[in-house]
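Sharing a structure below in structure tokens format, with a few things to ask.
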Amino acid sequence: MINILKVGEVSPEKIFSRGTAAADVSGVVSDILEDVRQNGDRALFAYTEKFDKATLTSLEVTEQEIDEAFRLVEPRFIEILKEAAENIRAFHRAQLRTGFILNEKDGVVTGQKITPIERVGLYVPGGTAAYPSTVLMDSIPAKIAGCGTLCITTPPGPDGKVNPAILAAAKIAGVNRVFKVGGAQAVAALAFGTESIPKVDKIVGPGNAFVAEAKRQVFGKVSIDMIAGPSEILVIADAKSDPRFVAADLLSQAEHDKMASAVLVTDSEDLANAVAQEIERQLALLPREEIARASIENNGKIIVTDHLEQVFSVANEIAPEHLELCVDHPFDYLDKITNAGSIFMGRCCPEALGDYFAGPNHTLPTSGTARFSSPLSVDDFVKKSQYTYYTENALRAVADKIAFFAEKEGLSAHARSATVRFEKEPS
């Protein structure tokens, strides 16, 4: 049964705790990274056989395999993938930005230019579930940004094949380089490069604890999007909310994995009790009941506040990955939410809309990092360079000021680099 906690009656630690921490896998991951760095494809073949039970002779998915997978996926799902892809494209095209130029002073030009990241690796999880949605969410913003090389890594099944839905989504998104490798070893391959897999400049995409730790360890060698933790949902709901809907939305994240976190914050004790009962009823109906139940019992909670206004301070402190605002007139409350990855507005907006279809990205900050970070976007696939141009007269007008500033910091060479251009050459 999910825990019900009343604000003011239990410690803040119980209110804001995030459940059991993941086991430390840093040593194992470090060994895998070094093995792949040293041994390349040979290490990848070995790890794929060990972890995925697949014996491969080639790591890259062929065009024929992609076409075959496209034919295997039912036509209705292909059409849904295409429609979802268009929604994602429309949302992310709106994020495109151009550089700027400032030339309001005589002889001075400053500006910023936007350049796509050339080589990007996209990690797509496998294992207990396959995620074609992640293919669309990660690759479409990169394509819109103009990235030159996109490579997907994803674990194969024991038959050595990638889930057909993942390959179909890759084809729809316009990604044609897919590699059959998962886990920390895939991150290593993208970071260091192997005989088959090109070295990239940035790695994005969610994964398990091993993938997250691998991304942490290769950061600096390459860029990463974020360190993704377990899935999270926080639902804000008032007394008018339907407990069936709230319970279903909480379970939509609980079924991801046993470490997932599902939280309801409400000002209604009656709703809290009704949702708790409804969660128990719906759990018994889930094919992934064991996973969802472990999530609910270990990391789930219902937090009851004294009034509706108090729910926002609780929600902002938790800073969830997904936040549902199940109230009438949700836009009246939008500005009260300052820490959340993705916000779902109103009583008819389940988080699953964001996972699959609406268009906003589903690769989101977790573990409270929504306090300072943002969803994956086109911005993650570009870099910004700034530039400065001064004419001789423009520099002459400010050279003494630059030198004065530099001397204040004890940097005489800095100072002289500004003034030397206006000194007479020694005879």
Side-chain angles (χ1 to χ4, degrees), residues 33 37 92-121 141-150 187 190-193 198-204 214-227 316 319 335 338-341 361 363-365 367-427:
L33 296 182
R37 191 181 73 82
H92 289 83
R93 283 193 195 107
Q95 297 174 343
L96 269 173
R97 63 167 107 181
T98 58
F100 60 84
I101 299 175
L102 302 176
N103 58 356
E104 297 168 353
K105 299 177 182 178
D106 288 342
V108 176
V109 180
T110 58
Q112 178 176 278
K113 74 186 195 74
I114 309 293
T115 307
I117 294 174
E118 178 58 29
R119 299 166 299 184
V120 175
K143 294 286 285 187
I144 289 171
C147 298
T149 300
L150 300 182
V187 175
L190 292 169
F192 304 128
K199 178 184 181 299
V200 301
D201 303 308
K202 184 162 190 171
I203 300 171
V204 307
K215 287 170 69 177
R216 188 193 310 276
Q217 291 190 26
V218 300
F219 177 65
K221 178 75 174 176
V222 295
S223 177
I224 62 172
D225 53 346
M226 62 187 77
I227 305 295
N316 287 326
D335 287 346
T338 55
N339 298 332
N361 211 282
T363 299
L364 302 168
S367 307
T369 60
R371 292 179 294 110
F372 51 79
S373 57
S374 307
L376 191 75
S377 71
V378 172
D379 283 345
D380 286 288
F381 298 101
V382 300
K383 52 192 176 180
K384 296 174 275 290
S385 300
Q386 58 193 28
Y387 55 88
T388 305
Y389 169 78
Y390 270 55
T391 63
E392 181 180 348
N393 286 338
L395 178 60
R396 186 190 302 274
V398 297
D400 288 344
K401 297 175 183 178
I402 296 166
F404 190 87
F405 206 143
E407 293 288 1
K408 285 293 184 183
E409 295 191 346
L411 299 174
S412 298
H414 278 65
R416 190 163 185 276
S417 72
T419 58
V420 69
R421 287 165 168 81
F422 308 107
E423 296 174 359
K424 291 183 179 180
E425 291 189 33
S427 54

Nearest heavy-atom approach of Pro365 to Ser373 is CB-OG, 3.3 Å

Rounded to the nearest 0.5 Å, the OG atom of Ser367 sits from the CD1 atom of Ile227 at a distance of 10.0 Å

Between Pro375 and Leu364 the two heavy atoms that sit nearest each other are CB-CD2, 3.4 Å

Measure the shortest side-chain to side-chain distance between Thr419 and Asp400 over non-hydrogen atoms and say whether it is less than 4.5 angstrom. yes

Between Lys199 and Ala191 the two heavy atoms that sit nearest each other are CG-O, 3.4 Å

**OP:** Using a 4.5 Å cut-off on heavy atoms from C-beta on, say whether the side chain of Thr369 contacts that of Met226.
**Re:** no

- Message: Let's go through Lys221 and Phe192 carefully: what are the C-alpha distance in whole Å and the side-chain angles of both, what is the deciding distance for side chain to side chain contact (heavy atoms under 4.5 Å, CB included) to 0.1 Å, and is it a yes or a no?
- Response: CA-CA 8 Å; Lys221 178 75 174 176; Phe192 304 128; 3.8 Å; yes

*Find out whether Ile203 and Phe219 are in side-chain contact, i.e. whether some heavy atom of one side chain is under 4.5 Å from a heavy atom of the other.*
no

Across all chains, not counting sequence neighbours, the side chain to side chain contact (heavy atoms under 4.5 Å, CB included) partners of Ala394 are Val108, Tyr390, Thr391

Residues pairing under salt bridge (charged side-chain N to carboxylate O under 4.0 Å, His left out) where one sits in residues 378-394, two or more places apart or in two chains, turn out to be Arg97-Asp379, Lys202-Asp380, Glu392-Arg396

Nearest heavy-atom approach of Ala370 to Gly341 is CB-N, 3.7 Å

Applied to residues 106-116, the side chain to side chain donor-acceptor pair (under 3.5 Å) test, sequence neighbours excluded, yields Lys113-Thr115

Side chain to side chain contact (heavy atoms under 4.5 Å, CB included) filter on Ser374, not counting sequence neighbours, yields none

For Arg93, the salt bridge (charged side-chain N to carboxylate O under 4.0 Å, His left out) test, sequence neighbours excluded, returns none

The side chain to side chain contact (heavy atoms under 4.5 Å, CB included) partners of Pro198 (sequence neighbours excluded) come to Cys151, Arg177, Phe179

Sorted by chain and number, sequence neighbours left out, side chain to side chain contact (heavy atoms under 4.5 Å, CB included) with Val378 holds for His92, Gln95, Leu96, Pro141, Ile144, Ala145

Across all chains, not counting sequence neighbours, the side chain to side chain donor-acceptor pair (under 3.5 Å) partners of Asn316 are Thr338

Contacts of Glu423 meeting salt bridge (charged side-chain N to carboxylate O under 4.0 Å, His left out) (sequence neighbours excluded), chain-then-number -> Arg416

Residues at least two apart in sequence or cross-chain that pass side chain to side chain donor-acceptor pair (under 3.5 Å) with Glu407, listed by chain then number, are Ser412

Worksheet item: Above 12 or not: heavy atoms from other molecules or residues under 6.0 Å from CZ of Phe405?
Response: no

Test log, rule side chain to side chain contact (heavy atoms under 4.5 Å, CB included), inputs Asp225 and Lys215
CA-CA 9 Å; Asp225 53 346; Lys215 287 170 69 177; 2.7 Å; yes

Sequence neighbours excluded, the answer for side chain to side chain donor-acceptor pair (under 3.5 Å) partners of Arg216 is Glu213

*Check the pair Val109, Ile101 against side chain to side chain contact (heavy atoms under 4.5 Å, CB included), reporting the backbone distance first and the verdict last.*
CA-CA 7 Å; Val109 180; Ile101 299 175; 3.8 Å; yes

Working for side chain to side chain contact (heavy atoms under 4.5 Å, CB included), residues Phe381 and Val204: CA-CA 10 Å; Phe381 298 101; Val204 307; 4.0 Å; yes

All heavy atoms of Tyr387 vs all of Phe100, minimum pair found to be OH-O, 3.7 Å

Here the pair of heavy atoms bringing Arg421 nearest to Ser417 is NH1-O, 2.6 Å

